Amino acid sequence: MNELFGSSRLARGLVSSSAWLCYIFLVVPSLIVIPISFGNPGQIEFPPRQFTLELYRQFFTDPAWWGSTVQSLIVACLTTLATLVLAVPAAYALARSRLPGRGGLQGLFMMPMLVPVIVLGLGLYLQYSNWGLLDTTAGLVLAHVMLTTPYIMVSVMSGLQHSDVALETVASIMGASRLRIFFRVVLPQLKASIAVGALFAFLMSLDEVVVAYFLTGTDSMTLPVKMYSSIRWELTPVLAAVSTLLTVLSLLIALGIIAMQGKTEASS
């Protein structure tokens, strides 16, 4: 018995150590750019020989970098709002209705998670060229809404599994309309799930590069596309400062998602 217990502890220790090694292997390269961003503005070097904020000053004063950042934030905010308006009612309808073919509709909404993004990007490029939506903010928002909708739906449908259906039944018996039940009974129970989905959608839209590379041009270039173009053509040290800012923002959003998920589990 002791030998079995000891071997079980050893196996768990090996698995845990392997997981930590993989995690460090993935994270360390991303963390190297942080000290580089405070280094020499003339070249990319690690470790940096001096401490300066010049790269951050260049980022915030260069219209090309700052303009693409503002465009990314606008697209991410519009994408998040539009996805919430579309995905939350759709998830509620699929979870509560008994429509025939409900599974097919749910699979249709989840399809963007299964199709490679480069295939989606090429298809959207060909279609947008006929619609006149290339290099427009509206076209990019529509594309990102398609990409982010499945993630908000998964989050909301997960929250609906833990919501109290009896409250909806009581409200219906008391004469409340379906619309009133949705806004006054359902949505308050899904606040944490909706917040998690919204953060996922915002982060995905902010970081998305493949589809945006197909659809954007000089008028609607987002920050990830600007970074990719810079890597290809100029490799400026400003990339280190931009990467650091995006890393910090992603970390804050990830912590927010973890906190919201904790609230969801506690409420359930």
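These numbers come from a predicted model, not from an experiment.
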Do [X] and [Y] have side chains that approach each other closer than 4.5 Å (heavy atoms only, starting at C-beta)?
| X | Y | value |
| --- | --- | --- |
| V145 | T149 | yes |
| L124 | M146 | yes |
| T244 | L55 | no |
| L245 | Y56 | yes |
| L140 | T222 | yes |

Using modelled atom types and a 3.5 Å cut-off, is there a donor and acceptor pairing between side-chain atoms of S158 and backbone atoms of V154? no
Is it true that a side-chain atom of S129 and a backbone atom of L126 form a donor plus acceptor pair closer than 3.5 Å? yes
Verdict with reasoning, T247 to L251, per side chain to side chain contact (heavy atoms under 4.5 Å, CB included): CA-CA 6 Å; T247 300; L251 178 61; 5.5 Å; no
With rounding to the nearest 0.5 angstrom, report the CG to CG distance, L252 to L199. 11.0 Å
One should read off an interatomic distance between Q127 CD and L215 CG, to the nearest 0.5 angstrom, of 11.5 Å
Should we say atom CZ of R184 is surrounded by more than 12 heavy atoms from elsewhere, each under 6.0 Å from it? no
Check whether more than 12 heavy atoms from other residues, nucleotides or ligands sit under 6.0 Å from atom CD1 of I118, and answer yes or no. no
Tell me the closest heavy-atom pair linking [X] and [Y], and the distance in Å.
| X | Y | result |
| --- | --- | --- |
| P63 | T61 | CD-O, 3.3 Å |
| A143 | V211 | CB-CG1, 3.9 Å |
| G197 | S155 | N-OG, 3.6 Å |
| T216 | D135 | C-OD1, 3.9 Å |
| L84 | P89 | O-CD, 3.6 Å |
| P224 | L206 | CG-O, 3.1 Å |

Excluding sequence neighbours, so at least two apart, what forms side chain to side chain contact (heavy atoms under 4.5 Å, CB included) with M227? W65, L223, L239, V242, S243, L246
Just to verify, what does L142 make a side chain to side chain contact (heavy atoms under 4.5 Å, CB included) with, not counting sequence neighbours? Y128, L133
Who passes ring-ring contact (aromatic ring centres under 6.0 Å, His included) against F202, sequence neighbours left out? none
Could I get the full list of ring-ring contact (aromatic ring centres under 6.0 Å, His included) partners for F214, not counting sequence neighbours? none
Contacts satisfying side chain to side chain donor-acceptor pair (under 3.5 Å) that involve residues 139-148 (not counting sequence neighbours) are T83-T148, H144-S205, H144-E208
Sequence neighbours excluded, every pair satisfying side chain to side chain donor-acceptor pair (under 3.5 Å) that has a member inside residues 66-76: Q71-T137
Given V156 and Y92, is the side chain to side chain contact (heavy atoms under 4.5 Å, CB included) satisfied, shown in steps? CA-CA 8 Å; V156 172; Y92 177 67; 5.8 Å; no
